[in-house]
Structures are given as C-alpha cells and as structure tokens.
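As structure tokens, the structure follows; a few thoughts come after it.
Bear in mind the structure is a predicted one, so any value in this text is a computation, not a measurement.
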Amino acid sequence: MGVSGPIRVVVAKPGLDGHDRGAKVIARALRDAGMEVVYTGLHQTPEQIVDTAIQEDADAIGLSILSGAHNTLFAKVLELLRERDAEDIKVFGGGIIPEGDIAPLKENGVAEIFTPGATTHEVVDWIRANVGRLAA
C-alpha cells in the first residue's frame, strides 16, 4: 500500500458483465477528486484484478458488478488478496447487489458496498475517510 502521494484505486469490472458506464463514472470521479485511478477494463478475472492492484501499489480495489455474480467474485478477490499477503488493499464495490447480500459480503471482508443511487460524492468521501494514509 502506498505511503505517500495520492490514494491509488484500481477500478475493475470482473466477470462477463459488459456494462461499464458506472465503473467509468466512478473512475472519473475518483480521478477528479485527486486520486490515481487504474481502470482495468471489461471482463477481468479476479487474478488479473489482484495482480494489477499489487503491481500498481493500490490502496483499494473498487469492483463494479451488475451480473449477479457478486458473491463469487468478491470472495475470490478477497481470497487472492489473503493468499498474496495483500489484505491491506481495501475492497469496495457497487452495482446491482441485493440488500440481503450486503451484510454477508461485509462479513467476508468487503469494506463497503454502494448500490444504485449512491452519489459519486459519497464514494469519494468514503474512500478519503477509509482508504490509504488519510484513514491511517
């Protein structure tokens, strides 16, 4: 995890979901808020996402999932971070995630979930308060 400079966030679209507008909106909002953002593009595997986050010295990974595979994909990313001794990289996400799935995701290690209707300001404020050196 970076110790100086701006907060670094990897924004990723795992799985087969091809809808990336929300991920791009979040990536741009984070960039405009002064964060360094790496957007991985569509159809990334959890392995690719974790590799990118480690290589980029990311403070956080933001996953955008609209496909309904959120339980599987979040769990795999968290598992890989544990295996790679990179649990200091916080994982947050957004998309179409049923209310009943949010608590179990958080219990498994997802730091925050943003559902439809969350504003970009909410996401930026949460990251500033909870990620990187500012949260330390």
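Using cut-offs of 30° and 60° on the angle between ring planes, the pair Phe114 and Phe92 is perpendicular.
Tyr39 is connected to Val124 through a chain of hydrophobic side-chain contacts under 4.5 Å among Ile, Leu, Val, Met, Phe, Trp and Tyr, so both are in one cluster. Follow the hydrophobic side-chain contacts under 4.5 Å out from Leu66 and you never reach Ile26; the two are in separate clusters. If you chain together hydrophobic residues whose side chains sit under 4.5 Å apart, Ile96 and Phe74 never meet in one group.
Looking at Met35 and Val131, their side chains never come closer than 4.5 Å, going by heavy atoms from C-beta outward. At a threshold of 4.5 Å between non-hydrogen side-chain atoms, the residues Val9 and Val11 count as touching. A heavy-atom distance below 4.5 Å is not found between the side chains of Leu63 and Leu73. Leu105 places a side-chain heavy atom less than 4.5 Å from the side chain of His70. Considering only heavy atoms from C-beta on, Ser67 stays 4.5 Å or farther from Leu16 through its side chain. By the 4.5 Å heavy-atom criterion applied to side chains, Glu47 and Leu80 are counted as neighbours. Within the 4.5 Å cutoff, side-chain heavy atoms of Arg84 are placed close to those of Ile54. Thr119 places none of its side-chain heavy atoms less than 4.5 Å from the side chain of Val123.
Residues Pro14 and Ile49 share a closest heavy-atom pair of CB-CD1, 3.6 Å. Here the closest heavy-atom approach between residue Ala23 and residue Ser64 is recorded as CB-CB, 3.9 Å.
A salt bridge does not link Arg28 with Asp32: every distance from a Lys NZ or Arg NE/NH1/NH2 to an Asp or Glu carboxylate oxygen is 4.0 Å or more. Electrostatic pairing of Lys106 and Glu112 counts as a salt bridge here, judged by a charged N lying under 4.0 Å from a carboxylate O. Looking at Lys76 and Glu79, a side-chain N of the basic residue comes within less than 4.0 Å of a carboxylate O on the acidic one, giving a salt bridge.
Side-chain atoms of Asp101 do not come within 3.5 Å of backbone N or O of Ile97 as any donor-acceptor pair. At distances below 3.5 Å, not a single donor-acceptor pair connects side-chain atoms of Lys13 with backbone N or O atoms of Gly18. Judged purely by atom type and a 3.5 angstrom limit, Gln48 has no side-chain atom pairing as donor or acceptor with the backbone of Pro46.
The line from CG of Asp20 to CG of Asp17 is 8.5 Å long, rounded to the nearest 0.5 Å. In this structure, the separation between CD on Glu56 and OG1 on Thr40 is 11.0 Å, given to the nearest 0.5 Å.
With a 6.0 Å radius and a threshold of 12 heavy atoms from other residues, nucleotides or ligands, Glu83 has its CD atom above the threshold. Atom NE2 of His19 is surrounded by 12 or fewer heavy atoms from other residues, nucleotides or ligands within 6.0 Å.
If you run side-chain contact (heavy atoms from CB on, under 4.5 Å) between Val10 and each of Asp51, Ile89, Asp59, Thr52, only Thr52 comes through.
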